[in-house]
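Reading through the structure tokens given below for one structure.
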Amino acid sequence: QVQLVESGGGLVQAGGSLRLSCAASGLTFSIYSMGWFRQAPGKEREFVADINWSGSRPYYVDSVKGRFTISRDNAKNTVYLQMNSLKPEDTAVYYCAADRTRAQLSQADYWGQGTQVTVSS
């Protein structure tokens, strides 16, 4: 049974930082591309960042470039999202996703339950 469990969300003031983690189990983590998505109230889920199986070539949505960093530790079956210089518009539920095919992450095979990030102004 595949599980993706996010953690690290919370309430932070604008300009602050949070580090999200997504621990995976039940799959061969090292061969999966991983992604982070978010969904704000009343909005559709949107792509934030993704990373390939080896941890190289991360890709970000323009709105988070230079502020967020995605990384992974295949030995720990975990993907991270370091979020700096947070803005109120970053407020959302953040989800991690796993798929064998990076291009298909938006319709990934596996999703976590989400972790709430709230940025106060």
Side-chain angles (χ1 to χ4, degrees):
Q1 179 182 354
V2 175
Q3 282 193 312
L4 302 178
V5 180
E6 300 99 334
S7 61
L11 173 64
V12 64
Q13 288 188 333
S17 298
L18 285 173
R19 188 196 196 202
L20 304 184
S21 299
C22 172
S25 60
L27 53 70
T28 305
F29 182 76
S30 61
I31 64 173
Y32 277 77
S33 291
M34 300 297 296
W36 286 97
F37 294 76
R38 65 188 179 186
Q39 187 167 20
K43 295 187 176 181
E44 293 188 354
R45 186 177 63 202
E46 68 166 348
F47 167 82
V48 176
D50 67 14
I51 194 165
N52 69 356
W53 63 272
S54 69
S56 63
R57 301 175 59 192
Y59 184 77
Y60 304 91
V61 67
D62 285 347
S63 60
V64 308
K65 283 181 180 177
R67 300 188 298 122
F68 290 11
T69 302
I70 187 172
S71 62
R72 67 189 294 162
D73 185 337
N74 287 346
K76 295 182 178 180
N77 287 3
T78 301
V79 63
Y80 305 97
L81 186 68
Q82 177 68 44
M83 305 186 295
N84 299 329
S85 302
L86 282 160
K87 304 176 181 180
E89 51 264 43
D90 295 317
T91 295
V93 178
Y94 283 71
Y95 300 90
C96 69
D99 200 278
R100 290 284 305 273
T101 305
R102 189 173 184 174
Q104 295 180 359
L105 273 168
S106 61
Q107 289 88 37
D109 289 337
Y110 306 110
W111 292 87
Q113 83 289 350
T115 186
Q116 176 71 47
V117 171
T118 303
V119 184
S120 63
S121 57

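- Sorted by first and then second residue, the disulfide bond (SG atoms under 2.5 Å apart) pairs involving residues 21-121 (not counting sequence neighbours) are Cys22-Cys96.
- Arg19 meets the salt bridge (Lys or Arg N to Asp or Glu O under 4.0 Å) test with no other residue; sequence neighbours excluded.
- Residues forming a side-chain hydrogen bond (donor to acceptor under 3.5 Å, both in side chains) with Ser121 (at least two apart in sequence, or on another chain): none.
- Taking both residues in full, the closest heavy atoms of Ile70 and Pro58 are given as CG2-CB, 3.5 Å, listed atom of the first, atom of the second, then distance.
- Follow the hydrophobic side-chain contacts under 4.5 Å out from Leu86 and you reach Phe47 in the same cluster.
- In this structure the side chain of Asp90 never reaches within 4.5 angstrom of the side chain of Met83, judged on heavy atoms.
- Gln39 places no side-chain N or O within 3.5 Å of a backbone atom of Ala92 that could act as its donor or acceptor partner.
- Applying the ring pair (Phe, Tyr, Trp, His ring centres under 6.0 Å) rule to pairs touching residues 66-99 yields nothing, sequence neighbours excluded.
- Under the 4.5 Å side-chain criterion, counting only non-hydrogen atoms from C-beta, Ser33 is in contact with Leu105.
- The nearest pair of heavy atoms linking Ser21 to Thr78 is CB-CG2, 4.2 Å.
- Every pair passing ring pair (Phe, Tyr, Trp, His ring centres under 6.0 Å) that includes a residue from residues 97-121 is listed here, sequence neighbours excluded: Phe37-Trp111.
- Residues Asp50 and Arg102 form a side-chain contact, since some pair of their non-hydrogen atoms from C-beta on lies under 4.5 Å apart.
- When the side-chain contact (heavy atoms from CB on, under 4.5 Å) test is applied to Asp109, the partners found at least two apart in sequence or on another chain are Asp99.
- Remark: Lys65 engages Asp62 in a salt bridge (Lys or Arg N to Asp or Glu O under 4.0 Å) (not counting sequence neighbours).
- Applying the side-chain hydrogen bond (donor to acceptor under 3.5 Å, both in side chains) test to Gln3 and every residue at least two apart in sequence or in another chain returns nothing.
- Linking Ile, Leu, Val, Met, Phe, Trp and Tyr residues whenever their side-chain heavy atoms come within less than 4.5 Å places Val79 and Val2 in a single cluster.
- For the atom pair Met34 CE and Asn52 CG, the distance stands at 12.0 Å (nearest 0.5 Å).
- To the nearest 0.5 Å, atom NZ of residue Lys87 and atom OG of residue Ser63 are 8.0 Å apart.
- Between Arg100 and Ile31, some side-chain heavy-atom pair lies under the 4.5 Å cut-off.
- The distance from the OG1 atom of Thr115 to the CG atom of Leu81 is 11.0 Å, given to the nearest 0.5 Å.
- With sequence neighbours excluded, the residues forming a side-chain hydrogen bond (donor to acceptor under 3.5 Å, both in side chains) with Gln116 are Thr118, listed by chain and number.
- Partners of Gln82 by side-chain hydrogen bond (donor to acceptor under 3.5 Å, both in side chains), not counting sequence neighbours, listed by chain and number: Asn84.
- For the residue pair Ala98 and Leu27, the shortest heavy atom distance occurs at CB-CD2, 4.3 Å.
- Remark: Glu46 engages Arg38 in a salt bridge (Lys or Arg N to Asp or Glu O under 4.0 Å) (not counting sequence neighbours).
- Tracing side-chain contacts under 4.5 Å through hydrophobic residues (I, L, V, M, F, W, Y), one reaches Ile51 starting from Tyr59; they form part of the same cluster.
- The two atoms that bring Ala24 and Leu4 nearest to each other are CB-CD2, 3.5 Å, heavy atoms only.
- Residue pairs meeting the ring pair (Phe, Tyr, Trp, His ring centres under 6.0 Å) criterion with at least one member in residues 6-36: none, sequence neighbours excluded.
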